[in-house]
There are 2 protein chains.
Amino acid sequence: MSIKTMNPITFAKALADETRQKIMSLCCCKWLSVGEIVDALNVSQPTVSHHLGILRAAGLVDSRREGKQIFYSLNQAKIASGCCQLAIDFAPEHNLVVSPK
Amino acid sequence: MSIKTMNPITFAKALADETRQKIMSLCCCKWLSVGEIVDALNVSQPTVSHHLGILRAAGLVDSRREGKQIFYSLNQAKIASGCCQLAIDFAPEHNLVVSPK
DNA sequence: CTGTCAAATTGAAGAGCATCAATATGTCTA
DNA sequence: TAGACATATTGATGCTCTTCAATTTGACAG
C-alpha cells in the first residue's frame with residue numbers, strides 16, 4: 001500500500017466551495033447519511049450527492065453503506081495531510097507538524 | 001492591531017487555481033516583479049495582475065513598489081495560518097502545530 | 001511637460017462549476 | 001416479483017471564473 005501525497009490543486013479545489021465546507025463540517029467526527037445532510041442544508045439531494053462525489057474523488061470523505069442508506073464521514077487524516085502539503089509547498093520557512101491527539 | 005483569523009473559504013478559493021499556485025511557488029521565499037512572473041509563466045500580463053490581485057485580497061502576498069516596478073512575495077505566515085485554520089475546522093482530531101524555524 | 005516603461009483596470013469571450021428537476025440505480029420488505 | 005425508499009446520475013440553466021486585447025494609471029528620465 002503506497003502513500004500518495006495529496007495534490008494541492010485537487011485539495012484546494014475540493015475545499016473551495018461553501019456548500020462543501022458545510023458538508024465537511026457536518027460529517028466531521030461523525031457518520032451522516034445523505035438524507036441527514038440534505039435535511040441540515042437548504043440544497044437539493046442531487047446537489048448534496050454531487051458535492052459528496054467531489055469530496056469522495058478527492059479522498060476527503062469515507063463512505064459506508066448500511067441498508068438503503070449511505071453514510072459519509074470526513075477523513076481527517078487526509079485533510080491534515082493536505083494542509084501539511086500546502087504548508088510544505090507554500091510556507092517552507094514555517095514548521096507545520098501533525099500528530100494524532 | 002488585531003489578528004484576523006483566515007476565512008477558510010477565501011483561503012481555499014485563493015489556492016484553487018493552477019496559475020495562482022504557480023505564481024505562489026515562484027514568489028515563495030523571494031521578491032519578484034510582475035514582469036518576472038509574466039516571463040516565467042505562459043500567460044498574459046493582465047492575467048498575472050488579476051491573480052496577484054486575488055492573492056493580495058486574500059492577504060497571501062505582500063507587495064512593494066520600487067520605481068516603476070512592483071515586487072511581490074508570498075506571505076508564508078498567512079499561508080501557514082490558513083492551513084492551521086483548515087486543520088482546526090476539518091481535522092480537529094489531529095494536532096497541527098506551526099512554529100517558525 | 002513629454003515620452004517611455006511597468007502594472008492595473010476594463011470589457012468581452014469562453015470554460016468551468018453549482019444547482020435543480022427528472023430519471024435511473026440499488027436495496028430492502030412484503 | 002412488486003413497491004417503497006435512499007442515493008446516484010443525467011441534462012439543462014445560470015452563475016462564476018479565467019483569460020486576453022485594449023486601455024488606463026502611475027512613475028521615472030530627459
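Numbers restart at 1 for each chain; the letters A, B, ... are given by sequence-line order, proteins then strands. Predicted model only: the values in this text are computed from it and were never measured.
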Peer 1: Determine, for Arg64(A) against Glu66(A), whether the closest basic-nitrogen to carboxylate-oxygen distance falls under 4.0 angstrom.
Peer 2: yes
Peer 1: Please report the interatomic distance CG(Leu15(B)) to CD1(Ile79(B)), rounded to the nearest 0.5 Å.
Peer 2: 6.0 Å
Peer 1: Is any side-chain N or O of Arg20(B) closer than 4.0 Å to OP1 or OP2 of dC17(D)?
Peer 2: no
Peer 1: Could you check if a side-chain atom of His51(B) sits within less than 4.5 angstrom of a side-chain atom of Ile37(B), using non-hydrogen atoms only?
Peer 2: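 A side-chain contact under 4.5 Å is absent here.
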Peer 1: Judged by atom type as modelled, is there a donor-acceptor pair below 3.5 Å linking the side chain of Ser73(A) to the main-chain atoms of Asp62(A)?
Peer 2: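 The answer is no, because no donor-acceptor pair under 3.5 Å joins these two groups.
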Peer 1: With a 3.5 Å cut-off and no angle check, do the side chains of Ser49(B) and Gln45(B) form a donor-acceptor pair?
Peer 2: yes
Peer 1: Verify the cluster assignment for Val34(A) and Leu41(A): are they in a single hydrophobic cluster under the rule of side-chain heavy atoms below 4.5 Å apart?
Peer 2: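 Yes, because Val34(A) and Leu41(A) connect within a single hydrophobic cluster, where side-chain heavy atoms sit under 4.5 Å apart.
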Peer 1: Could you list the protein-to-nucleotides 3-11 of chain D atom pairs, N/O on both sides, closer than 3.5 Å?
Peer 2:
unit_1	atom_1	unit_2	atom_2	d
dT7(D)	OP1	Val34(A)	N	3.1
dT7(D)	OP1	Ile70(A)	N	3.3
dT7(D)	OP2	Gly35(A)	N	2.9
dA8(D)	OP1	Tyr72(A)	OH	2.5
dA8(D)	OP2	Ser49(A)	OG	2.5
dA8(D)	N7	Gln45(A)	NE2	2.7
dA8(D)	N6	Gln45(A)	OE1	3.1

Peer 1: If each of Asp17(A) and Gly67(A) is mapped to the nucleotide of DNA chain C with the nearest heavy atom, which maps nearer the 5' terminus, i.e. the 5' end?
Peer 2: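 Looking at the nearest nucleotide for each, Asp17(A) comes out on the 5' side.
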Peer 1: For Ile54(A), which contact category applies under a 4.0 Å heavy-atom criterion: base, sugar-phosphate, or nothing?
Peer 2: sugar-phosphate
Peer 1: Within a strict 4.5 Å, meaning less than it, do heavy atoms of the Arg20(B) and Val61(B) side chains meet?
Peer 2: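 The answer is no; the side chains never approach within 4.5 Å.
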Peer 1: I'd like the 5' and 3' limits of the part of DNA chain C contacted by chain A, with heavy-atom contacts below 4.0 Å.
Peer 2: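 The contacted stretch runs from dA18(C) to dC28(C).
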Peer 1: If only side-chain N and O atoms count, and only distance matters, is there a donor-acceptor pair under 3.5 Å linking Gln21(B) with Asp17(B)?
Peer 2: no
Peer 1: Below 4.0 angstrom from OP1 or OP2 of dT19(D), is there any side-chain N or O of His51(B)?
Peer 2: yes
